[in-house]
Amino acid sequence: YTGVLRDRLAEVTRVSTEALHCRTCSIFLVDPENLNRIVLRATTSERLHGRIGRAYYCLGEGLTGGVAKLCRPLRLTEVGDDAELARDNPDFAEARIAGARKHDASVQGEPREQEYLAIPVLWRQNGETEAELCGVIRCVGKVNIESFCHQDQQLLEAIADRVATGVKHLESLAEQR
């Protein structure tokens with residue numbers, strides 16, 4: 001990934017962390033060499049920062065991989081609460097189990113007992129209804145506020161739309177060279 005994209009994604013995670021009053025924000029993008037996984041490309045997490053470009057989720061693996069596979073947002077008041085997940089988001093319960101079964105430790109550390117908001121980064125060309133998955137943007141741990149709300153989700157969805165536009169624009173420029 002180009003330095004321009006890397007720098008822009010880092011800025012998006014920093015601004016998102018501030019705007020959403022969360023502990024961390026991370027962006028995972030589809031791996032161009034393996035379209036069945038998303039790779040960490042930017043984060044405000046000190047713990048994950050050294051894993052940029054190496055940490056990944058397969059589609060459907062863990063909650064973040066589940067967001068990528070299902071192309072649906074996920075908002076939880078407590079990421080470790082399996083009852084909340086089963087009750088409010090049963091489609092993601094299978095992804096949680098798949099993530100728990102992962103043997104290598106390449107990911108990631110989905111946090112436990114924290115608020116969680118993840119939005120698929122989707123590219124829709126010229127108003128098409130079909131969307132192409134570009135990745136996932138994920139925020140964890142609300143600061144000084146109980147949990148992520150609907151307005152937080154709307155803001156992160158708008159940010160995800162801008163990320164998709166930026167990624168596709170940079171890909172297009174790279175192809176022209």
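In this structure, K69 NZ and T64 OG1 are separated by 15.0 Å, a value rounded to the nearest 0.5 Å. Atoms CD and CH2, from E130 and W123 in turn, are 15.0 Å apart once rounded to the nearest 0.5 Å. In this structure, CG in L122 is found 5.0 Å from SG in C71, a value given to the nearest 0.5 Å. With rounding to the nearest 0.5 angstrom, the CG atom of L35 is 8.5 Å from the CG atom of L59. Separating the CD atom in Q154 from the SG atom in C149 is a distance of 8.5 Å, to the nearest 0.5 Å. Atom CD1 in I27 sits 12.5 Å away from atom CD1 in I119 (nearest 0.5 Å).
The main-chain N or O of L40 is never found under 3.5 Å from a side-chain atom of Y57 such that the two would form a donor-acceptor pair. Looking at N34, its side chain never comes within 3.5 Å of a backbone N or O of D31 through a donor-acceptor pair. The backbone N or O of C58 lies less than 3.5 Å from a partner atom in the side chain of E61, making a donor-acceptor pair.
With a 4.5 Å cut-off on side-chain heavy atoms, P73 and L117 do not count as touching. The shortest distance between side-chain heavy atoms of H169 and V167 does not fall below 4.5 Å. Contact check for I137 versus S16: side-chain heavy atoms found under the 4.5 Å cut-off. The shortest distance between side-chain heavy atoms of K142 and F148 falls below 4.5 Å. The side-chain heavy atoms of C134 and V163, taken from C-beta on, include no pair separated by under 4.5 Å. A heavy-atom distance below 4.5 Å is found between the side chains of E115 and R23. Residues V121 and F28 fail the side-chain proximity criterion, which asks for heavy atoms closer than 4.5 Å.
For T24, the side chain to side chain contact (heavy atoms under 4.5 Å, CB included) partners two or more places apart in sequence, or in a different chain, are T44, S45, V140. By the salt bridge (Lys or Arg N to Asp or Glu O under 4.0 Å) test, E11 is found to be paired with R14, residues two or more places apart in sequence or in another chain being considered. Residues satisfying the side chain to side chain contact (heavy atoms under 4.5 Å, CB included) test with A19, not counting sequence neighbours, are L155. Partners of H49 according to the side chain to side chain contact (heavy atoms under 4.5 Å, CB included) rule, which considers only residues two or more places apart in sequence or in another chain, are T43, I52. Partners of D161 according to the side chain to side chain contact (heavy atoms under 4.5 Å, CB included) rule, which considers only residues two or more places apart in sequence or in another chain, do not exist here. Taking the salt bridge (Lys or Arg N to Asp or Glu O under 4.0 Å) definition, one finds that R75 meets it with nothing, sequence neighbours left out.
The number of heavy atoms from other shown groups lying within 6.0 Å of CZ (R37) is above 12.
In the model, Y116 has no side-chain atom that pairs as donor or acceptor with a side-chain atom of S147 under 3.5 Å.
V15 and V136 end up in different hydrophobic clusters when Ile, Leu, Val, Met, Phe, Trp and Tyr side chains are linked at under 4.5 Å.
The heavy-atom pair separating L133 from A68 by the smallest distance is CD2-O, 3.5 Å. Shown here for L48 and R138, the closest heavy-atom pair between the two residues is CD1-NH2, 3.6 Å. Taking every heavy atom of both residues into account, A42 and A10 meet most closely at CB-N, 3.8 Å.
Using a 4.0 Å cut-off between charged side-chain N and carboxylate O, R124 and E132 make no salt bridge.
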Starting from the C-alpha separation in whole Å, work towards a yes-or-no answer on side-chain contact (heavy atoms from CB on, under 4.5 Å) for L29 and L9. CA-CA 10 Å; L29 295 180; L9 293 176; 3.7 Å; yes
Going through the distances and angles, do V143 and C22 end up as a side-chain contact (heavy atoms from CB on, under 4.5 Å)? CA-CA 5 Å; V143 177; C22 60; 5.6 Å; no
Check against side-chain contact (heavy atoms from CB on, under 4.5 Å), L63 and L76: CA-CA 10 Å; L63 297 177; L76 298 170; 3.8 Å; yes
